[in-house]
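In what follows, a single structure is set out as structure tokens and then discussed.
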Number of protein chains: 2
Amino acid sequence: MGNTPPVGRKVTLSDIAAGCDVSRATVSLVLRGSPLVNKHTRARVEEELRRQGYVYNRAAANLRRRTSSSIALVLNDLANPFFAEFAAGVDEVLGSTGYVTLLGSTSESTERELAVLGSLMEHGPAGIILSPAEGSDAQQLLSAVGTTTPLLLFNREVSGDISACDHWDRLFLDNQHGSRMATEHLIAQGHKHIAFYGGHSNSSSCKQRRNGYAEAMKSAGLRVEPQWLVECIPNRLDAVAQCEQLFNGGTAPTAAVCYNDAVALGLMLGLHQRGLQPGRDFALTGFDDIAEAAVSAPPLTTLAVTPRARGRQAAELIMQRLQEPAAAPRQTIVPVQLLIRDSSSPPHA
Amino acid sequence: MGNTPPVGRKVTLSDIAAGCDVSRATVSLVLRGSPLVNKHTRARVEEELRRQGYVYNRAAANLRRRTSSSIALVLNDLANPFFAEFAAGVDEVLGSTGYVTLLGSTSESTERELAVLGSLMEHGPAGIILSPAEGSDAQQLLSAVGTTTPLLLFNREVSGDISACDHWDRLFLDNQHGSRMATEHLIAQGHKHIAFYGGHSNSSSCKQRRNGYAEAMKSAGLRVEPQWLVECIPNRLDAVAQCEQLFNGGTAPTAAVCYNDAVALGLMLGLHQRGLQPGRDFALTGFDDIAEAAVSAPPLTTLAVTPRARGRQAAELIMQRLQEPAAAPRQTIVPVQLLIRDSSSPPHA
DNA sequence: CCATGCTTTTGGAACGATCCAAATTTACCC
DNA sequence: GGGTAAATTTGGATCGTTCCAAAAGCATGG
């Protein structure tokens with residue numbers, strides 16, 4: 001009954017055509033659910049597809065149709081739960097739209113970033129979602145991705161000459177306002193000596209968060225001492241290490257707005273090591289609302305950014321861009337939400 | 001000087017060939033660094049490639065060569081830091097080998113899993129790394145991925161008739177031994193009434209962990225009361241909710257071996273709500289060593305599984321499989337390491 | 001100048017799908 | 001039955017690359 005499937009080779013549309021005595025064109029129409037084909041033939045073809053275990057070769061179709069069915073997702077740090085959630089959100093939407101996610105992780109290295117983008121571009125993605133590594137250069141990125149593939153910049157601005165990249169869409173968090181809210185909250189709790197702790201002052205998100213902090217301090221008529229602006233690598237380890245800088249001469253702060261949750265959790269450990277109990281002797285806030293923020297001791301007051309929703313949003317934005325390639329570039333700034341927990345109590349009497 | 005690049009269309013190898021007056025075949029040879037081509041011509045072609053901003057179309061090449069340059073990575077829960085780290089490890093190795101990662105996240109849904117696999121298969125990956133959703137059926141998976149694409153099963157066994165899938169490679173954690181070590185540790189601390197908390201008893205990893213626990217209890221001559229085997233969805237939320245089950249009649253346990261860290265952290269919260277202080281009034285252990293395990297209150301005794309290294313290992317295993325498609329299938333069981341922290345102190349006097 | 005062997009280059013047919021214009025079949029009406 | 005319109009099917013070219021066998025170029029030596 002019928003031919004046997006081919007050996008050592010995948011079943012193609014021609015195999016199906018031969019198997020049920022129609023042309024390749026007809027099989028192709030069936031595959032795409034065209035109403036042109038007679039339901040009799042359709043049934044016959046579909047039966048044969050099943051019988052031979054045909055799987056569609058999308059690469060071949062894309063080649064002929066000059067289309068693409070993939071989106072590149074390039075992240076500076078996939079291991080960070082924030083980006084992992086983001087990626088899950090992106091994939092959720094892309095998957096349901098029939099696109100496939102090409103993943104690339106750069107581990108915060110601009111070199112790897114260029115290499116990864118170069119490699120992904122060879123697969124001709126329909127669009128790119130990029131959360132750039134710190135210090136990524138606009139010109140270099142541009143020459144890696146070209147000018148024809150739509151790109152959505154997430155989370156961070158790139159450095160260098162941005163004017164050449166003004167056709168990119170952008171999706172950023174409202175860092176400045178978030179940080180301002182956190183600072184205002186600490187002020188409302190009665191704190192007067194408040195530090196901004198962590199991050200690299202050259203990264204765009206850190207600048208924005210510092211601005212929000214400075215704004216709030218200024219509005220409240222509070223001064224900022226230079227040693228209250230402490231930089232550190234935005235991870236727990238370095239945050240522990242740099243803790244002492246907060247207390248090097250001058251007026252010691254009684255609270256700190258931290259660059260993000262990881263830094264805040266690190267600072268908590270650092271404070272412990274100095275004999276200070278965070279949440280009682282010293283107030284602090286984070287940024288991101290990573291899972292552990294709710295279960296730290298004490299639970300961390302922070303800014304929720306709902307990364308999964310951001311991922312969905314990013315995917316939707318890039319889909320819209322594909323719909324209307326010529327529409328004006330869009331910059332979206334999403335609000336963040338202050339979650340008050342126990343780490344930001346009033347100052348000690 | 002020279003032709004202008006084409007408009008509204010990507011630069012192809014023919015454009016380059018025309019641009020410097022050689023045949024397509026020669027350009028192709030240059031691209032692949034063939035020693036056949038004269039270094040004069042090579043220079044001319046390379047100059048033209050730069051000038052026109054050519055990007056290689058790997059899909060077309062793969063079609064002609066009947067090869068593939070992608071690996072599908074399908075995960076049951078990308079948002080889980082364990083799998084995020086795993087994915088980062090996979091991508092790290094694949095990226096450096098010139099492969100690209102096709103990501104798919106199934107959110108623990110077997111339906112989505114089949115859909116995702118179907119969609120990814122259409123892109124013809126060279127191999128698949130799959131961490132199956134709970135309850136995935138061997139037959140269904142097999143019919144989704146076919147028998148020709150090598151598959152590496154990670155983390156969990158699938159259910160149903162496994163015999164048809166015995167050509168798959170496997171990479172599992174030594175759940176049973178890990179759990180046994182944790183239990184033995186609690187016993188050594190002096191606990192006699194020890195529960196096994198969380199997970200679904202039908203999932204293979206939960207079964208294995210329970211076995212390790214049972215083994216240790218039996219060896220120590222300790223009995224296990226039925227209400228000490230508590231099931232819950234392996235996340236924090238449900239772990240909090242099911243806490244009371246531990247104390248519903250019978251002898252109350254003084255310690256629990258938890259299915260994983262998320263569950264353990266949830267149980268900590270649940271204990272708090274009952275007025276018990278974890279680590280002092282009740283000892284517990286986790287599994288995974290997620291980042292927050294080290295900073296919870298108290299820090300959690302758990303089993304380190306180094307997911308990033310597992311990711312790298314998985315990528316390497318699948319690469320090896322591609323090298324030797326006919327080699328005997330391999331099952332790798334990686335040991336886990338007990339990390340003793342403060343949550344597993346001796347019982348209260 | 002031709003034969004020989006080496007290096008370098010090249011047309012044209014693939015790969016597996018889609019598009020398109022044209023051919024074929026079917027249905028319907030007078 | 002013939003004519004017309006609609007429904008269905010179909011070759012053959014094409015997407016951007018690689019493969020292959022064969023051609024062309026170029027020394028060398030007799």
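Throughout, protein chains are lettered first and strands after them, A, B, ... in sequence-line order, and every chain is numbered starting at 1.
One finds no salt bridge joining A:R44 and A:E47 here, because no Lys/Arg side-chain nitrogen approaches an Asp/Glu carboxylate oxygen to under 4.0 Å. At a threshold of 4.0 Å, the pair A:E157-A:R170 counts as salt-bridged, since one of the basic side-chain nitrogens sits closer than that to a carboxylate oxygen.
Between the CZ atom of B:R42 and the C1' atom of C:dT8 there is a distance of 12 Å, rounded to whole Å. Summarising the geometry, the separation between CG on B:N62 and C1' on C:dG16 is reported as 13 Å, rounded to the nearest angstrom. In this structure, A:R58 places its CZ atom 18 Å from C1' of C:dC15, rounding to the nearest Å. Here D:dA27 presents its P atom at 11 Å from CG of B:N38, a figure rounded to the nearest Å. One can place CG of B:L29 at 12 Å from P of C:dT8, the figure rounded to the nearest angstrom. Distance, B:L36 CG to D:dA22 C1': 14 Å, rounded to whole Å. At whole-Å resolution of the value, CD in A:E122 and P in D:dT18 are 11 Å apart. Rounded to an integer number of Å, the gap from NZ of B:K10 to P of D:dG16 is 10 Å.
The side chain of A:L13 approaches C:dT18 more closely than any other nucleotide in the set D:dT10, C:dT18, D:dG16. Closest approach to the B:A61 side chain among C:dT9, D:dC15, D:dT18 is made by D:dT18 (side chain taken as heavy atoms from C-beta onward).
Between B:F86 and B:F154, the ring center distance clears the sub-6.0 Å criterion.
Nucleic acid contact class of A:T26 (heavy atoms, under 4.0 Å, all strands): base. When heavy atoms are screened at a 4.0 angstrom cut-off, A:R24 is found touching base atoms of the nucleic acid. Among the heavy atoms of the strands lying under 4.0 Å from B:A25 is at least one base atom, whether or not backbone atoms are also near.
Side-chain nitrogen and oxygen atoms of B:N57 include none within less than 4.0 Å of the OP1 or OP2 phosphate oxygen of D:dT17. Listed pair B:S23 / C:dT10 meets the phosphate criterion, a side-chain N or O lying under 4.0 Å from OP1 or OP2. OP1 or OP2 of D:dT18 lies within a sub-4.0 Å distance of a side-chain N or O belonging to B:R32. Between A:S14 and the phosphate of C:dG16, there is no side-chain N or O to OP1/OP2 separation shorter than 4.0 Å. The side chain of B:R64 contributes no N or O atom lying less than 4.0 Å from OP1 or OP2 of D:dC15. Under 4.0 angstrom from either OP1 or OP2 of C:dT9 there lies at least one side-chain N or O belonging to B:T41.
A donor and an acceptor atom never sit less than 3.5 Å apart when one is taken from the side chain of A:R65 and the other from the base of C:dT18.
Within 6.0 Å of CG in B:D21 there are 12 or fewer heavy atoms belonging to other residues, nucleotides or ligands.
Checking side-chain atoms of B:R321 against main-chain N and O of B:L151 turns up no donor-acceptor pair under 3.5 Å. In terms of modelled atom types and a separation under 3.5 Å, the side chain of A:R156 and the main chain of A:P132 share a donor-acceptor contact.
Positionally, the nearest nucleotide of DNA chain C for B:D21 lies more toward the 5' end than for the other of B:L63 and B:D21.
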